[in-house]
Amino acid sequence: MRVRDLPLSAALVSHYESNGIEELYPPQAAAVEAGVAAGGRVVAAIPTASGKTFIAELAMLTADGPALYIVPLRALAREKYETFDQLPGVSVGISTGDFDAAEEELGDHDIVVATSEKVDSAIRNGAPWVERLACVVVDEVHLLGAPGRGPTLEVTLSTLQRRVPDLQLVALSATVDNPEAIADWLDAELVESAWRPVSLRTGVYADESVEFDDGTDLDVVVPPTGPNDDEATEATVALVEDAVETGGQCLAFVRSRREAEALADRLADEDLSPAPALGDELDELGGTATGRQLSECARTGVGFHHAGLRSAHRVAVENAFRDRRLAVICATPTLAAGVNVPARRVVIRDQKRYTGDAMEWIPVLDVHQMCGRAGRPHLDPFGEAVLVGDADTKAELFDRYVTADAEAVDSQFADPEALRTHVLSVVASGFADSLDGVADVFSATYYAHQNPNVDLAELVAEVVSDLEAMELLDVTGETLSATTLGAQTSRQYVSPTTGARIVSGIRTIETMADDRVTARTALEVVCDTPDMHDTYLGNQERAQMYQYARSHAAEFTTAMHDADPFEEWLTAVKTARILHEWTEGSDIEELVERYRIGPGDVESRVERAEWLLGAADALCAALDADVPEFREVRALLSP
DNA sequence: CAGTTATGATTATAGACAGCATGTC
DNA sequence: CTATAATCATAACTG
């Protein structure tokens with residue numbers, strides 16, 4: 001099947017042809033046969049880089065009206081926005097929390113790219129453009145099974161289906177174990193394929209040799225390891241070097257941030273692919289210890305990438321790799337889920353990760369996503385993914401990751417926190433006003449589809465009493481209605497637990513003497529919510545943080561003997577303290593040094609605090625209370 | 001005894017969505 | 001429970 005045979009305008013056809021796209025890839029052709037270009041609903045469970053974007057574009061361009069493209073990450077939203085913006089005669093908009101086009105303009109675009117939370121929020125707040133959509137494409141639908149964020153996605157999709165009856169839905173999924181369940185739920189045709197434009201061989205390393213799934217082998221010379229050398233690391237170094245020496249780029253995945261940096265340092269010794277200019281450019285992005293370490297590695301062609309990096313650094317590393325200025329990136333699993341960064345070879349040194357109480361195997365899906373980064377279309381003759389193991393683990397790694405299917409996608413909607421959030425939002429946005437009404441709205445969720453025998457009304461009833469106790473919901477007879485607080489909580493997009501915590505904080509503040517209410521008070525309230533991620537409190541710091549908490553006890557809304565659990569509260573105090581010092585003019589470098597967190601962590605906490613302080617201010621208005629500190633601190637956070 | 005090394009104990013561990021209203025080169 | 005590397009504290013040891 002050829003592009004020119006598709007129902008596309010001449011301008012589009014020539015756009016594709018000038019980009020070398022003339023003949024459709026088999027999965028793309030299958031999607032066309034399933035009806036993507038004719039308004040049909042399709043779920044495509046196919047590998048990364050096998051042309052998903054083109055399938056999405058086909059659906060959106062042939063749809064009879066505006067289209068929405070839903071992504072899980074802001075960075076992906078930007079990437080897709082730029083891709084779609086290249087299409088001739090197509091106007092593209094973008095809407096994410098940190099980057100928003102004006103609301104009324106959104107409806108005027110042919111394509112809008114947005115994160116799933118942003119779409120959920122737009123639906124809750126009755127954005128008019130939602131009703132006019134003709135086509136919705138969901139990228140990475142398998143995240144339906146992600147705890148925390150999966151429920152938002154399923155509620156969003158089920159609501160979209162209900163609100164826009166003739167909507168064309170197209171869902172793009174990684175290869176998972178039960179794509180038919182997703183297709184069935186969305187009433188869509190399933191297109192499944194393992195085809196890739198660049199062949200990929202996956203293998204396991206052990207004893208100086210890699211055995212691949214296609215029967216081929218690769219011998220690797222690993223210099224004898226000294227007493228201080230780690231065998232897996234030295235094998236990884238050898239595999240990376242080999243890839244670079246034969247003209248390819250390489251991604252190396254490890255377990256923790258520190259190990260990503262350590263591996264990059266180790267590889268920097270080999271001086272694989274000098275790039276001194278890149279080092280200078282990175283130095284200009286600002287100097288934290290992490291930043292300087294990054295620029296030093298980069299001079300030798302090696303970068304590292306993890307969430308502790310400031311986002312400017314992360315983007316710089318991604319771009320440098322895409323431009324082939326970096327030969328290697330040592331990364332934590334972030335990189336596998338993010339923007340498109342393909343490489344000739346992918347080396348996965350660690351397959352286990354510490355989860356809090358045990359060492360656990362990384363999900364098969366995550367490992368497959370990492371492997372899927374191997375092979376650059378048009379640039380590499382093939383891609384290679386290597387799991388580093390040893391003689392003892394080789395067979396197990398093969399079974400578990402190379403030949404095995406990824407996990408099934410299961411709904412996480414029954415999680416009480418998720419249920420509370422969505423029950424409140426359904427009632428607050430006026431979609432239902434009774435137990436049965438809410439249950440009816442939820443009957444279209446993936447959860448209901450997967451669990452047909454569960455009594456949804458019963459499930460809803462369990463959390464309705466929580467929400468009532470939190471004063472977010474009123475129950476009068478059979479009728480449910482959101483309180484002013486509940487409405488504001490939903491609109492501000494904070495979780496019910498966060499809303500209730502802020503409200504109780506505001507009430508306590510009103511009983512406090514004026515001179516006790518300070519910036520620390522405001523920060524303690526917002527940091528002590530589940531929507532603010534906590535900051536690791538080391539044992540070394542603990543005693544000193546305890547002292548800090550004691551000496552400022554009068555300023556906090558939580559009495560120390562009431563804090564429960566105390567350790568979590570102390571963690572919140574640490575976050576509040578960091579943010580407080582930030583407002584007092586400390587720069588990232590000082591904070592990173594003093595509190596042992598990454599520059600990127602400071603950045604993300606500041607961003608979240610801005611959002612939560614805004615929500616606190618809105619809740620103040622709903623309570624008819626006045627706590628100017630929320631506004632004042634917020635103003636100090638952004639420079 | 002002072003300084004050095006060996007041994008054992010402790011510590012820490014991936015990621016990241018959302019509101020809203022002004023001001024600015 | 002199924003980990004491991006880096007760091008820290010203390011004990012053992014050497015000259």
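Sequence lines set the chain letters: A, B, ... in the order given, protein chains first and strands last, and positions in each chain run from 1.
- Taking atom NE2 of A:H533 as the reference point, atom C1' of B:dA18 lies 13 Å away to the nearest angstrom.
- Ring-plane geometry between A:H306 and A:F304 is classed as parallel, the angle between the planes falling under 30 degrees on a 0 to 90 degree scale with a further cut at 60.
- Nucleotide C:dG15 forms a Watson-Crick or G-U wobble pair with B:dC1, both donor-acceptor distances falling under 3.5 Å.
- Distance from the side chain of A:A307 is smallest for B:dA16 among the nucleotides C:dA5, B:dC17, B:dA16.
- Regarding A:R149, its CZ atom lies at a distance of 6 Å from the P atom of B:dC17, rounded to whole Å.
- Across the strands present, B:dA6 finds its partner in C:dT10; the criterion is a Watson-Crick or G-U wobble pair with both atom distances under 3.5 angstrom.
- Looking at A:R501 and A:E524, a side-chain N of the basic residue comes within less than 4.0 Å of a carboxylate O on the acidic one, giving a salt bridge.
- For the pair A:E360 CD and C:dT4 C1', the interatomic distance rounds to 16 Å; values are reported in whole Å.
- In this structure, B:dG23 makes no Watson-Crick or G-U wobble pair, since no nucleotide meets both defining distances under 3.5 angstrom.
- Taking the P atoms as reference points, C:dT2 lies 23 Å from B:dT13, given to the whole Å.
- The side-chain tip of A:R577 does not point at the ring of A:Y595 from less than 6.0 angstrom away and within 45° of straight on.
- Taking only distance into account, the side chain of A:R257 never meets the base of B:dA14 through a donor-acceptor pair shorter than 3.5 Å.
- With centroids closer than 5.5 Å and planes inclined by less than 30 degrees as the test, A:W611 and the base of B:dA18 pass as a stacked pair.
- Under the Watson-Crick and G-U wobble criteria, each requiring two contacts below 3.5 Å, nucleotide B:dA16 is left unpaired.
- Listed pair A:R74 / B:dC17 meets the phosphate criterion, a side-chain N or O lying under 4.0 Å from OP1 or OP2.
- Ionic pairing of A:D98 and A:K118 is not present here: no N-O contact between side-chain nitrogen and carboxylate oxygen is shorter than 4.0 angstrom.
- Distance, A:R400 CZ to C:dT2 C1': 11 Å, rounded to whole Å.
- The 5' end of DNA chain B is approached more closely, in terms of each residue's nearest nucleotide, by A:T355 than by the other of A:D98 and A:T355.
- For A:K352, the listed nucleotide lying nearest its side chain is C:dT2; candidates were B:dA14, B:dA18, C:dT2.
- Residue A:T115 has its side chain nearest to B:dA18 when only B:dT13, B:dA18, C:dA6 are considered.
- Rounded to an integer number of Å, the gap from CG of A:L263 to C1' of C:dT4 is 15 Å.
- One P atom belongs to C:dA5, the other to B:dA14, and the distance between them is 15 Å to the nearest Å.
- Closest to the side chain of A:N539, out of B:dT13, B:dT11, B:dA18, is B:dT11.
- For the OP1/OP2 pair of B:dA12 and a distance below 4.0 Å, the side-chain nitrogens and oxygens of A:R596 include at least one atom meeting the criterion.
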